[in-house]
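Working notes, structure below.
Counting from 1, the numbers follow the sequence of the chain as shown. For the numbers below, each heavy atom of this structure counts, side chains included, while hydrogens, waters and symmetry mates do not.
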Amino acid sequence: MAECDLALLEIIKNGFEAIADEMAIILMRTAHSPIVRDAMDFSTALCDANGENIAQGLTTPMHLGSFYDAMKHLMKQYEGDIADGDVFIGNDPYLASGQHLPDIYVVRPIFFEDELCGWAATIAHHVDVGGLVPGSNSLSATSIHQEGLRLPFLKLVSAGVPDRAIHSIIAANVRTPDLVLPDIAAQCAAVEAGTRSLHEMLRRYGRERIRRYTIALHDYAEKLARAAISAIADGCYTFEDHIDGLGDCPEPVVFRLKLQISGDEVVADWTGTSAQVAGGINAPLSFCKSNVYAALRSVMGDDVPNCHGYTRPIRVIAPEGTVLNCTYPAACGGRGITGYRIVDCMFGALADCLPDRVAADGAGGSTLPSFSGRQRGKTFVFSECIMGVWGATSQHDGQEGVPHMASNQANVPIEIIEADYPIRIEEYAIAPDTAGAGRYRGGLGITRAYRILQDDVYFGVRSDKVRYPPYGLFGGGTGAPTVNILQVDGHEQVLPAMPTQPIILNTGDVFHHTMAGGGGYGLPHERAPQMVLDDVLDEKISIQTAARDYGVVITPDHVIDENATRSQRLILSGAKQ
């Protein structure tokens, strides 16, 4: 690490982070679509002149580690043709190192005194980019060509002059140009703000000092990351997990991880993971790496800077042609579920060496319902990311109503949905008796019910954890599985995790989703009886569950029967031996 003033390094690091967060706030406050403005499915980063992250906005971890690959692609494509005032746009996994087509990069080079000094970068999930289905998350797509508008990196603005043709092409290919184009404008506003703020820092500290301290920041992050990895016992830690699969007769998608810790370096080897599938859940390599980085960063200390330097000791192996390193023309629209499972596998492996630093399995990431139809003479598309449930840890119960750690997103407020779309939310609640039992129990599943208020509404959903519910750790119980139910004309139909056939809903139909409950941590009969009683009083578990899973016998007037509890717990402890 180059010699520098550590106090000034901290000041400059915080300055970079403030810029990335300012970009995130501007994007959120100026976006038009609920999935960006309310669900916060976007990310921002400030990069150095080499395209390496020097700061990340407090946004979506599964996005953030992929910026570097996209920047490398962009800089190679436009080598010798990058000018002050340019703004680039791209989304294609194969032509722009993108993630999936709804996630559009908008990036601006930052020049100061005629020299390229950095990049302001954003990525946002757009509500629709065309393709087979509204929302552009087609699980049945077998090719990227079916998924929507593909954009290699293009100059949306060239030396300060907007290219109106690109705007026209986008508007003609998406179902909701009234949302997509304003959201792109919000991204443009964010990168403009990032440029302006980095200029202020360059004027204050000077171009050469900023350059030197940027190098020092990467080196410092690498040093801290290597120290954190060195604190983990050397060894090969393995884990296997699954995605339920696609359609009515799903074939499980298998994830196999070997996590090799050797001194101050780590290798995440995914050899043995399922081959890419004929459906929209394949992930590009950049997305796989991003999720591995996010999982490892989460078990490092808070003091590690969120810049490219911390990723240097980490290597990812994912064979080409697998679901974690798909090859053209594999479809990627629903690849988010794959990213969640990458992180879950990482935590499963890390539980063997860092049992106090990881949680039991949660709900497996967001559920993504999509609704579309015609309203007031134009097409509407509503998608949201339903969050979320965590598994328990060695210190506390699992949490409810929180995002998967790889996403950092939010549920769209009910008032926004009902004001803008022909949908009524009839239930939004915590589902009792869904948590995995344990010394600390998992979080309870989230229930959300959508009643349709007009005819001819397209519906699709991407969920998981129906067949493979969340696992517990160290004797903790499994959480309840996900349940998707359609109520049509008074009849109930249970849906698979990821239906691939088109579904049309009409007035009065209801989609009822209950998210999986989190896994438990530790043996259930070691849970404090008072905590079990508190859960019964809070209607989180039933009296029957208290006795069956925890061995705590509670009378109808809500008093712990201590003698019966002692006897029941002896039975449970004997069964566990």
Between [X] and [Y], is any pair of side-chain heavy atoms under 4.5 Å apart?
X	Y	result
F255	T338	yes
Y310	P305	no
K540	R441	yes
P499	V461	yes
T367	M515	yes
H125	S383	no
I229	E265	no
E52	H218	yes

key: Inter- and intrachain pairs under side chain to side chain donor-acceptor pair (under 3.5 Å), touching residues 469-482, at least two apart   = none

Please report the interatomic distance [atom1]([X]) to [atom2]([Y]), rounded to the nearest 0.5 Å.
X	Y	atom1	atom2	value
F474	D352	CZ	CG	6.5 Å
L495	S463	CG	OG	8.5 Å
D234	D264	CG	CG	9.5 Å
L572	H525	CG	NE2	7.0 Å
F347	I342	CZ	CD1	12.5 Å
T500	L139	OG1	CG	7.5 Å

key: Test log, rule side chain to side chain contact (heavy atoms under 4.5 Å, CB included), inputs S366 and S407   = CA-CA 8 Å; S366 63; S407 58; 5.8 Å; no

ask   = Looking at D549 and R527, does any basic side-chain N land under 4.0 Å from a carboxylate oxygen?
value = no

inquiry  = Any salt bridge linking R335 with E147? Criterion: basic side-chain nitrogen under 4.0 Å from a carboxylate oxygen.
reply    = no

key: Evaluation steps, ring pair (Phe, Tyr, Trp, His ring centres under 6.0 Å), between Y105 and H63   = CA-CA 10 Å; Y105 289 103; H63 286 160; 8.3 Å; no

Is a side-chain donor-acceptor pair under 3.5 Å present for [Y] with [X]?
X	Y	value
H73	Y94	no
Y428	N411	yes
S298	R357	no
S370	Y458	no

Given 3.5 Å as the limit, does a donor-acceptor pair link the side chain of [X] with the main chain of [Y], or not?
X	Y	answer
E400	L444	yes
D244	Y468	yes
R256	G272	yes
T60	F42	yes
D535	I541	no
N53	L64	yes
D128	G130	yes
T447	T514	no
S97	A70	no
D433	S542	yes

Test salt bridge (Lys or Arg N to Asp or Glu O under 4.0 Å) applied to R150 - qualifying residues, sequence neighbours left out = D92

query = With sequence neighbours excluded, what pairs up with K258 under the salt bridge (Lys or Arg N to Asp or Glu O under 4.0 Å) test?
reply = none

request  = Go through the steps for Y340 and D464 under the test side chain to side chain donor-acceptor pair (under 3.5 Å), then give the verdict.
outcome  = CA-CA 10 Å; Y340 291 127; D464 200 23; over 6 Å; no

message = Assess the residue pair H100 and N137 against the criterion (side chain to side chain contact (heavy atoms under 4.5 Å, CB included)); give the C-alpha distance rounded to whole Å, side-chain angles, the decisive distance to 0.1 Å, and a yes or no.
response = CA-CA 9 Å; H100 67 159; N137 276 286; 3.8 Å; yes

Which atoms form the tightest heavy-atom contact between [X] and [Y], and what is the distance?
X	Y	answer
A24	T59	CB-CG2, 3.8 Å
V389	G518	CG1-N, 3.4 Å
A410	M40	CB-CE, 3.9 Å
G98	P284	O-CG, 3.6 Å
C332	P93	SG-CG, 4.1 Å
G247	P250	O-CD, 3.5 Å

query = For the residue pair Y68 and H308, does the interplanar ring angle fall in the parallel (under 30°), tilted (30 to 60°) or perpendicular (over 60°) class?
reply = tilted

ask   = How are the rings of F511 and Y450 set to each other: parallel, tilted or perpendicular (split at 30° and 60°)?
value = parallel

query = Which is it for M498 and I243 under the side chain to side chain contact (heavy atoms under 4.5 Å, CB included) test, yes or no, and what are the steps along the way?
reply = CA-CA 10 Å; M498 289 182 269; I243 288 177; 3.4 Å; yes

task = Show your reasoning for whether side chain to side chain donor-acceptor pair (under 3.5 Å) applies to H512 and Q487.
result = CA-CA 8 Å; H512 194 280; Q487 297 174 350; over 6 Å; no

task = Test Y550 against Q568 for side chain to side chain contact (heavy atoms under 4.5 Å, CB included), laying out the working first.
result = CA-CA 9 Å; Y550 297 94; Q568 184 68 11; over 6 Å; no

task = Please say whether more than 12 non-hydrogen atoms of neighbouring residues, nucleotides or ligands are located less than 6.0 Å from CD in E251.
result = no

inquiry  = Are there over 12 heavy-atom neighbours, none belonging to D538, within less than 6.0 Å of that residue's CG?
reply    = yes

